[in-house]
Every structure is written in C-alpha cells, then in structure tokens.
2 protein chains.
Amino acid sequence: MSGNKHPRVRRLTIGALSKHTGCNIETIRYYERIGLLPDPPRTEGGHRDYDEDHLKRLAFVRRGRELGFTLDQIRGLLRLVDGGDFTCADVQRITLSHIAEIRDKISDLRKMERVLKEMVSKCEGGDIPECHVIDVMFASLGK
Amino acid sequence: MSGNKHPRVRRLTIGALSKHTGCNIETIRYYERIGLLPDPPRTEGGHRDYDEDHLKRLAFVRRGRELGFTLDQIRGLLRLVDGGDFTCADVQRITLSHIAEIRDKISDLRKMERVLKEMVSKCEGGDIPECHVIDVMFASLGK
DNA sequence: CTTGAACCTGTAGTTACTACAGGTCCCATA
DNA sequence: TATGGGACCTGTAGTAACTACAGGTTCAAG
C-alpha cells in the first residue's frame, strides 16, 4: 500500500472546480467573498486548494440558482444543513414558498405576454409611420 | 379674454407627476439622469416644472416597464418615435422579440416549478433531520 | 530556465431602482 | 410679514448576482 499517497481526497484548483460545476471562476471567488463557500486552504504560492466537499457545496449552490433560489435563500438552506438541526418540514416550507414566488412571476409574465400579443395583433406591420403598440403605450393615461 | 393667463399648459411639480403616474420621485429623477426623460425647465427656485408632454412620456416609460420592456428597449422605442421616422414594422419587430424573451422566461420558470414540485412531493415534511429536496440538491454532481 | 497559462487581489461596471443626508424653497396660516 | 413644515434640491451609496478588467504572481511543461 503506497506509503504517503493520499488518494482519499482529490485536490482541485479553482479552474477544475469551475469546469466541474460550470460555474465561472470569478463567481466562485464571489461566493467565497460573500461567505457562501468557505475559504479554502491555500497552496504555498497562495492558490486555492479545493476538495470534494467544496465541490459538493458549490454544486448545491449552482443547483439552487438553477432552481431560481436567491443566494439568500440558498444561504438559509445551507445554514440549516450546516447547523445539522434542520427538519424536512423547514426545507419544505422554504421550497413551497419559493414555488409560490415562481408562480407569481409566471402569472405576471403571462399577463404581459397576453397584453403584448393583443397589442401587436392589431399592427399593420408595414412601412407606415404609425403603430398601434405605440398608440396604446402613449394613451395609457388620462384620455 | 383674460390677459396673461395661459391655461393651455398645465404645470406640474415632480410630486404631481409622481402622483399621476404612480412613479416614485427618485425614479423620475433617475430617468432624467439617464436621459430617458428630457431635463424639464426649472422655476426660479430650481424646482422642476413639468407639463403634459413630460407626463405622457413618463407614462409611456412606466407602461413599457409594466410590459416588461427594459429601459434600453424603451429608450429604443422612444428614439424611434422621437426621430419621427419609425415604422409600424420596426415597433412590431421589437415587440415580437420581446414577446419571445418573455416566453423563454416563462418556460424557464415552468421548468423550475415542475422540478421543485416533483422534489417537494417526495418530502415527508415531518420533524425529521433529512429531506429529499436537500438530498437531490446535493446529489446533482458525479455522485 | 523560460514561457505562457492559470492563478492572485482589488476595483469598477451592469440593471433599475431605492434610500438616505444635508440642505433650500414654497406657500398657507397666524 | 414672519414662520413652520412639507415639498423640493443635489449627490452619494446601497441592493442582487454577477462579470470584467488591470496589474501582478505562481505553476508546470519543455
């Protein structure tokens, strides 16, 4: 058994972390700065020296972002997990309220889409110097 | 006919403009600063002195924002209109591409919603220290 | 030992506002 | 006419979540 090799922990540069997660390097450093990722140990020369735990944590953050959580919500989730005293109910509550926010956004966007489609459907679309869309947007007050 | 009265133009303070449009005062000044609204004339004491044209323009901007246009898109629309040489086709193109952006956002959000619902549906929800949502979010890499 | 890619820190820019601080002006009332 | 307080002024800084440098150091392959 090979003496002083420690294959237990795979060492990763920030570039490798970036490649594995698809998260760009500046963003990783940003997450560290705002305390979402722990300060990793450094090599002699001062380069960041990550391991698999950092990788998992960053992946968690990225996955959270893909699911539309804010960094603050993600921070909240991580604190729960780090504290070790989280319950499924806690996480469920946070997730459900996030789902509700997403639904609200969707309904706002659908309303916009509906109104815009309605407006644009009345356009001639030609090379003429007047447009129903503009008229409606200017007419939205008083008159 | 009453000599030096000029009822032709209703004069408005920034506060009045704010009330009419629902746009907050700081935001009006911000729009002026970034060149979306023209610098209005001032009273002797330096207060902004608006008229109905300013009101219409601000209403246009607000309406655009409600419809999800960015300030840059609105700036584009206003430039077209101000230039006087816009065509219905121009506006239609801009509007259609905005609608496409909105559709993309909606579909992103729907995807998030679907995934989150699926995740949360597998939660026990109880007072237990483990959660399917957390598991999935941590498991999203390699594993 | 050299070279160039990868890394480092620190700062500033992005979008669309919002929130002051620290002053000045306006005008209705006493 | 004096005055008080609300409305207004400028300028700066903060928000979210990054991104983009500049200007320097380290690493690793040849």
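Just so you know, these numbers come straight off a predicted model, no measurement behind them. Chain identifiers are assigned alphabetically (A, B, ...) following the order of the sequence lines, protein sequences preceding nucleic acid strands; residue numbering begins at 1 within each chain.
- Here salt bridge (charged side-chain N to carboxylate O under 4.0 Å, His left out) pairs that include residues 77-90 of chain B, with residues two or more places apart or in two chains, are B:Arg57-B:Asp82, B:Asp90-B:Arg93.
- Contact annotation: the side chain of B:Tyr30 never approaches that of B:Leu36 to less than 4.5 Å [non-hydrogen atoms, C-beta and beyond].
- Contacts between residues 25-40 of chain A and DNA chain D, counted as heavy-atom distances below 4.0 Å, involve A:Glu26, A:Thr27, A:Tyr30, A:Tyr31.
- In terms of hydrophobic clustering, with Ile, Leu, Val, Met, Phe, Trp and Tyr side chains grouped at heavy-atom distances under 4.5 Å, A:Val120 and A:Ile128 are assigned to different clusters.
- Taking CE from A:Met137 and NZ from B:Lys56, the interatomic distance works out to 13.0 Å, rounded to the nearest 0.5 Å.
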When the side chains of residues 94-105 of chain B are checked against the rest of the protein, which donor-acceptor pairs come out under 3.5 Å, sequence neighbours left out?
residue: B:Thr95; atom: OG1; partner: B:Val91; partner atom: O; Å: 2.7
residue: B:Ser97; atom: OG; partner: B:Ile94; partner atom: O; Å: 3.4
residue: B:His98; atom: NE2; partner: B:Leu67; partner atom: O; Å: 2.8
residue: B:His98; atom: NE2; partner: B:Gly68; partner atom: O; Å: 3.4
residue: B:His98; atom: NE2; partner: B:Phe69; partner atom: N; Å: 3.4
residue: B:Arg103; atom: NE; partner: A:Glu113; partner atom: OE2; Å: 2.7
residue: B:Arg103; atom: NH2; partner: A:Glu113; partner atom: OE2; Å: 3.4

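- Every residue meeting the side-chain contact (heavy atoms from CB on, under 4.5 Å) condition with A:Glu26, not counting sequence neighbours, appears here in chain and number order: A:Asn24, A:Arg29.
- With a 4.5 Å cut-off on side-chain heavy atoms, B:Tyr50 and B:Arg48 count as touching.
- For DNA chain C, the outermost nucleotides in 5' to 3' order that have an atom under 4.0 Å from a heavy atom of chain B are C:dA16 to C:dC26.
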Protein proximity profile, nucleotides 25-30 of chain D - base contact B, sugar-phosphate-only contact S, no contact -, cut-off 4.0 Å on heavy atoms = -SS---

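- Of the N and O atoms on the side chains of B:Asp51 and B:His54, at least one donor lies less than 3.5 Å from an acceptor on the other residue.
- Each of B:Arg62 and A:Arg42 has a nearest nucleotide on DNA chain C; the 5'-most of these lies closest to A:Arg42.
- In this structure, the CG atom of A:Asn24 is 16 Å from the P atom of D:dA17, given to the nearest Å.
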inquiry  = Between B:Glu32 and B:Asp39, is the side-chain contact (heavy atoms from CB on, under 4.5 Å) condition met? List the steps.
reply    = CA-CA 6 Å; B:Glu32 180 183 322; B:Asp39 294 15; 3.6 Å; yes

message = The test is side-chain contact (heavy atoms from CB on, under 4.5 Å); show your working for B:Arg42 and B:Asp49 and say whether it passes.
response = CA-CA 5 Å; B:Arg42 301 293 184 119; B:Asp49 189 22; 5.9 Å; no

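- Put simply, CG on B:Asp49 is 12 Å from P on D:dC8, counting in whole angstrom units.
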